[in-house]
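It should be emphasised that the depicted structure is a prediction, and the values quoted were computed from it without experimental measurement. All residue numbers in this chain count up from 1 along the given sequence.
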Amino acid sequence: MRVRPSRFAVAAVALLTVATALPAAAAERGGREDRPSRGGLSAVIRYTEYGIPHIVARDWAGLGFGTGWAQAADQVCVLADGFVTVRGERSRYFGADAAPDASLSSASGNLASDLYFRGVRQAGTVEGLLARPAPAGPSRASRELMRGYAAGYNAWLRENRITDPACAGAAWVRPVTTLDVAARGHAIAVLGGQGRAVDGITAARPPAPATAAVPDVRAVPGPWDAARAARALFAAPDSGMGSNAVAFSGATTAGGRGLLLGNPHYPWQGGRRFWQSQQTIPGRLDVAGGSLLGSPTVTIGHNARVAWSHTVATGVPLNLHQLALDPADPTVYLVDGRPERMIRRAVTVPVKDGAPVTRTQWWTRYGPVVTAFGTLPLPWTATTAYALHDPNAANLRTSDTALGLGTARDTDGLLDALRRTQGLPWVNTIAADSAGHTLFTQSQVLPRITDDLARRCSTALGEVTYPSSGLAVLDGSRGECALGRDPGAVQAGILGPARMPTLKDAPYAENSNNSAWLANPDRPLTGYERVFGDLGTPRSMRTRGAIEDVSAMAGRGGLTVRDLQRQQFANRVPAGDLAAADAAKACAGLPGGTATSSAGDAVDVREACDVLAAWDRTADTGSRGALLFDRFWRKLTAAVPADRLWRVPFSPADPVRTPHTLNTAAPGFATALADAVGELRAAGVELDAPLGRHQFVVRDGRRVPVHGGTESLGVWNKIEPVWKPAQGGYTEVTTGSSYIQAVGWDGSRCPVARTLLAYAQSSNPNSPHHADQTRLYSGERWVTSRFCEKDILSSPALRIVRIREH
């Protein structure tokens, strides 16, 4: 299957391109239906530097075939693990008590994961969605991509030996079907809804007769507890996933064309990694970027004329319905006084070295009964139960949205694709184009919760959770509280495209996971429903720092791609700019230069005062004092409530610059300082040690220094490292900067793009592309994108693989 690059091979690729080229008008008709391919599938894959594949095919199935093959070559073990998950077979192969990697759901253990995913499979949910005609269901192009992806993955398995020790010789690495590929996409779609409630869905049990008559009122959350739990569920990311993205208009750039910097923060391990490629069907599609593993389409990327990125949105992609139960039977609920019996789903899971386990799940017209959502308890009593409504459970349109973005010719076309396909479950979109336009839009699939509906139909619990977090709890006993249908919505029960917060052609549009309100503070977005996010509330430290940075860049003007690259790795610590000088001053004023630790010990902190004062306020690998401030800041913000951390409180009239001035008199300040100093000294870490000496990952047996900082520090280049002081400090990264792209245009036919996949293409430690881009990331170096044909063919690393289904 593999051949060396040669003039013959290059000519063959050129011949393929000529033979399949279509008029430009055909590319603009990306939404039309295409006939399924006939005969064996085939594709040509051109590999350039860092193992980046450029996949060329004649049709959609062939493109999926090449993509499945190439992804398997880099990530077969991670992909196979995910397919075990969506089949509900984790307990069979890995045991019921082990935990999945959380990439496809929040299940705490394999048994809960299997019960949920086997239930989805048993109900025929995904098959039903595949059968729906577009636009409610996937287009024929998307179905062909999924079919081809499964065939390509299987072809790689047949023809190659697995060298990754994570799954070499494992019985759970098996061929897949189109249904498996679609089920994985469905799992990604419901991550923010059913996927976050798997434990609560699979553990739901009706009350036993002996206890039903006397419900435990202690299990019912009080208003304050419920509001706090709901806020914690749907607040801006803290230590989990997030993202930054900014688009600059032609009014701010050197050439009058747009610029786009995308910096998604995703897991560095497991099944939610990005994988980089270029996908081409000559005359129809030519797009480059990052795909989530298992996806046959590019998720974040660019074509010749437009670039886009996504950020995790604040919209709440689910709601709850509080059910009034029949007093004689807690599995019967009432709607307008008429009884409806819950649907009982008995699901059996095979278990390694044990007997199969059977559990029952309970479903209603609204969705599954759930007894907990995160830390929010939802007790099932004799009179009350809660059902979870997740509109993304009917969403298998994400691939069509990706194809629409990939074939768009400008930001207007991109917005039209979002409105037409309505497939994004939990992200915003930020974009720029070669004509100098910008776009921010929170076009995501959300339940049709309007503020008016919430006022009319919220239960007592909903009256607390909706204002505080956007989580609606509606009265499920009243038919008038049904969600209804918006004009232009492709499915019932979701908000229509006209309601989506959207900002067009601002000098810059930026998002760092707070709500749409301040995408550009000079043109604030207001008037949207609470379910989208909040208004007039404090922004995260990362949002504040990002707006300061990008507004200053726009003000300077004359921007180029190089400026985007500098912003990505400036590694400025906004929390340090706000607090380090005050902390150093207060430290120097401590009596005797000592502070009392939480253990009651007196700690000499005089050296720390000098280190904090001298620190350059960055999180570069060479920054001295960054590690000390990081450990101190984590302890301080954990001990001191946000409303007592600053002397000057938040003001909605000045949301970017407030709050400010560190409250060094707050109880906990000196203790946090003493604990940080004591912790580093106990680990043998110098207080002024360069950050990269103690923040690193180990690849190929060698330490690779890692720059960047955690969420609470506000660093654009977000990194969430794992603290293991006995092993040297921060020794691995859980989430952070992942597929990064800086894209612009210079008037030529080829976009100017620089990319970086921080954790590299392959999870296989035996691959040459297991850590090559991680070392680039460490050195703040970039990959020059090879998008145009002349650049691909001139790559010194060019390797061509022709694959065909046999």
Worksheet item: Just by distance, do the side chain of T85 and the backbone of D81 share a donor-acceptor pair under 3.5 Å?
Response: yes
Fill in: Partners meeting side-chain hydrogen bond (donor to acceptor under 3.5 Å, both in side chains) with Q269 (sequence neighbours left out)
E732
Worksheet item: With no hydrogens and no angle check, is any side-chain donor or acceptor of D433 less than 3.5 Å from a backbone partner on T411?
Response: yes
Worksheet item: Would a 4.5 Å heavy-atom cut-off, applied to side chains only, mark Q567 and D549 as touching?
Response: yes
Practice prompt. Look at the side chain of W633 and the backbone N and O of A579, then say whether any donor-acceptor pair between them is shorter than 3.5 Å.
Written response: no
Worksheet item: If you measure only the distance, is there a donor-acceptor pair under 3.5 Å linking the side chains of T710 and E720?
Response: yes
Response to the item:
Distance col, row T784:OG1 vs R754:CZ, nearest 0.5 angstrom, shows 4.0 Å
Discussion item. What's the separation between atom CZ in F669 and atom CG in L636, rounded to the nearest 0.5 Å?
Written reply: 7.5 Å
Worksheet entry | CA sep, side-chain torsions, deciding dist, call: Y508, L559, side-chain contact (heavy atoms from CB on, under 4.5 Å) | CA-CA 12 Å; Y508 71 87; L559 300 177; over 6 Å; no
Worksheet item: If you measure from OG1 on T543 to CG on N511, what distance do you get to the nearest 0.5 Å?
Response: 6.5 Å
Item to complete: Quick one: list whatever passes ring pair (Phe, Tyr, Trp, His ring centres under 6.0 Å) with F248, sequence neighbours left out.
Response: none
Worksheet item: Is a salt bridge present between D101 and R273, judged by a nitrogen-to-oxygen distance below 4.0 Å?
Response: no
Practice prompt. With the side chain counted from C-beta on, respond yes when S762 and W275 share a heavy-atom pair under 4.5 Å apart, and no when they do not.
Written response: no
Worksheet, complete the sentence: Taking every heavy atom of L525 against every heavy atom of L535, the minimum-distance pair comes out as O-CD2, 3.4 Å
Worksheet item: Do T502 and T441 meet the criterion of a side-chain donor-acceptor pair at a distance under 3.5 Å?
Response: yes
Worksheet entry | Spatial distance of atom NE2 (H707) from atom OG (S623) [nearest 0.5 Å] | 10.5 Å
Practice prompt. Check whether any side-chain heavy atom of W745 sits under 4.5 Å from a side-chain heavy atom of T253, and report yes or no.
Written response: no
Item to complete: Mind jotting down which residue pairs meet the side chain to side chain donor-acceptor pair (under 3.5 Å) criterion with at least one end in residues 638-648? Sequence neighbours excluded, please.
Response: none
Worksheet entry | Evaluation steps, side-chain contact (heavy atoms from CB on, under 4.5 Å), between D620 and L691 | CA-CA 7 Å; D620 287 325; L691 178 63; over 6 Å; no
Item to complete: Sort and list the pairs that fulfil ring pair (Phe, Tyr, Trp, His ring centres under 6.0 Å) and have at least one residue in residues 530-557, not counting sequence neighbours.
Response: none
Worksheet entry | Side chains of Y50 and T755 in contact at under 4.5 Å (non-hydrogen atoms) | no
Worksheet item: Is a side-chain donor-acceptor pair under 3.5 Å present for S737 with N717?
Response: yes
Practice prompt. Determine yes or no for a side-chain-to-main-chain donor-acceptor pair under 3.5 angstrom, with E711 supplying the side chain and R542 the backbone.
Written response: no
Discussion item. Does any part of the side chain of L680, heavy atoms only, come nearer than 4.5 Å to the side chain of L627, both counted from C-beta?
Written reply: yes
Worksheet item: In chain order, what residues pass the ring pair (Phe, Tyr, Trp, His ring centres under 6.0 Å) check against Y739, with sequence neighbours excluded?
Response: none
Worksheet, complete the sentence: So OG of S763 and NE2 of H769: to nearest 0.5 Å the spacing works out to 13.5 Å
Worksheet item: Who passes ring pair (Phe, Tyr, Trp, His ring centres under 6.0 Å) against F787, sequence neighbours left out?
Response: H302
Item to complete: Go through the steps for S243 and N513 under the test side-chain contact (heavy atoms from CB on, under 4.5 Å), then give the verdict.
Response: CA-CA 6 Å; S243 299; N513 306 122; 4.3 Å; yes
Discussion item. Is any side-chain heavy atom of R624 closer than 4.5 Å to one of V611?
Written reply: no
Worksheet item: Between S512 and N244, do the side chains contain an N or O donor and an N or O acceptor separated by less than 3.5 Å?
Response: yes
Discussion item. Has H437 got a side-chain atom pairing as donor or acceptor with K504's backbone, closer than 3.5 angstrom?
Written reply: no
Discussion item. Check whether R196 reaches the backbone of V190 with its side chain - one donor and one acceptor, N or O, closer than 3.5 Å.
Written reply: no
Discussion item. I'd like to check the salt bridge (Lys or Arg N to Asp or Glu O under 4.0 Å) partners of D616; sequence neighbours left out, ordered by chain and number.
Written reply: none
Fill in: Donor-acceptor contact below 3.5 Å, side chain R775 vs main chain R699
no
Worksheet item: For R657, what residues pass the salt bridge (Lys or Arg N to Asp or Glu O under 4.0 Å) criterion, not counting sequence neighbours?
Response: D654
Discussion item. Please enumerate all residues that pass ring pair (Phe, Tyr, Trp, His ring centres under 6.0 Å) together with F274, with sequence neighbours excluded.
Written reply: Y266
Discussion item. Under the side chain to side chain donor-acceptor pair (under 3.5 Å) definition, can you give me all pairs with a residue in residues 684-698, not counting sequence neighbours?
Written reply: none
Worksheet entry | Centroid-centroid distance, Y777 to F569, less than 6.0 Å | yes
Worksheet item: Do D534 and R539 pass the salt bridge (charged side-chain N to carboxylate O under 4.0 Å, His left out) test, and can you show the C-alpha distance, the side-chain angles, and the key distance before you say yes or no?
Response: CA-CA 10 Å; D534 54 15; R539 303 293 88 178; 2.9 Å; yes
Discussion item. Within the structure provided, determine whether H770 and D700 are in side-chain contact (heavy-atom separation under 4.5 Å).
Written reply: yes
Discussion item. For the backbone of P264 and the side chain of S738, can you confirm whether one donor and one acceptor N or O come within less than 3.5 Å of each other?
Written reply: yes
Fill in: Exercise: identify the closest heavy-atom pair between A575 and F629
O-CZ, 3.7 Å
Worksheet item: Under 3.5 Å, side chain of R617 to main-chain N/O of D577, donor-acceptor pair present?
Response: no
Worksheet item: Does any pair with a residue in residues 560-570 pass salt bridge (charged side-chain N to carboxylate O under 4.0 Å, His left out), and if so which ones, sequence neighbours excluded?
Response: D563-R566
Worksheet item: Among side-chain atoms of Q442 and Q444, is any donor-acceptor pair under 3.5 angstrom?
Response: yes
Worksheet item: How about S295 and T297: does a side-chain donor come under 3.5 Å of a side-chain acceptor?
Response: yes
Item to complete: Can you measure from CD (Q276) to CD (Q773) and round to the nearest 0.5 angstrom?
Response: 5.5 Å
Worksheet item: For V706, does its backbone N or O pair with a side-chain atom of S778 as donor and acceptor, under 3.5 Å?
Response: no
Fill in: Stepwise side-chain contact (heavy atoms from CB on, under 4.5 Å) test for V722 and T734
CA-CA 7 Å; V722 179; T734 57; 3.4 Å; yes
Discussion item. Under the criterion side-chain hydrogen bond (donor to acceptor under 3.5 Å, both in side chains), I'd like the reasoning laid out for N514 against S540: C-alpha separation, chi angles, the key distance, then a yes or no.
Written reply: CA-CA 7 Å; N514 279 131; S540 71; 3.2 Å; yes
Worksheet item: Is the closest side-chain heavy-atom distance between V685 and P725 below 4.5 Å?
Response: no
Worksheet item: Should N428 and T311 be marked as a side-chain hydrogen bond (donor to acceptor under 3.5 Å, both in side chains) after you check the CA-CA gap, both sets of side-chain angles, and the distance that decides it?
Response: CA-CA 5 Å; N428 306 300; T311 59; 3.0 Å; yes
Worksheet entry | R631: side-chain hydrogen bond (donor to acceptor under 3.5 Å, both in side chains) partners, not counting sequence neighbours | E679, Y730
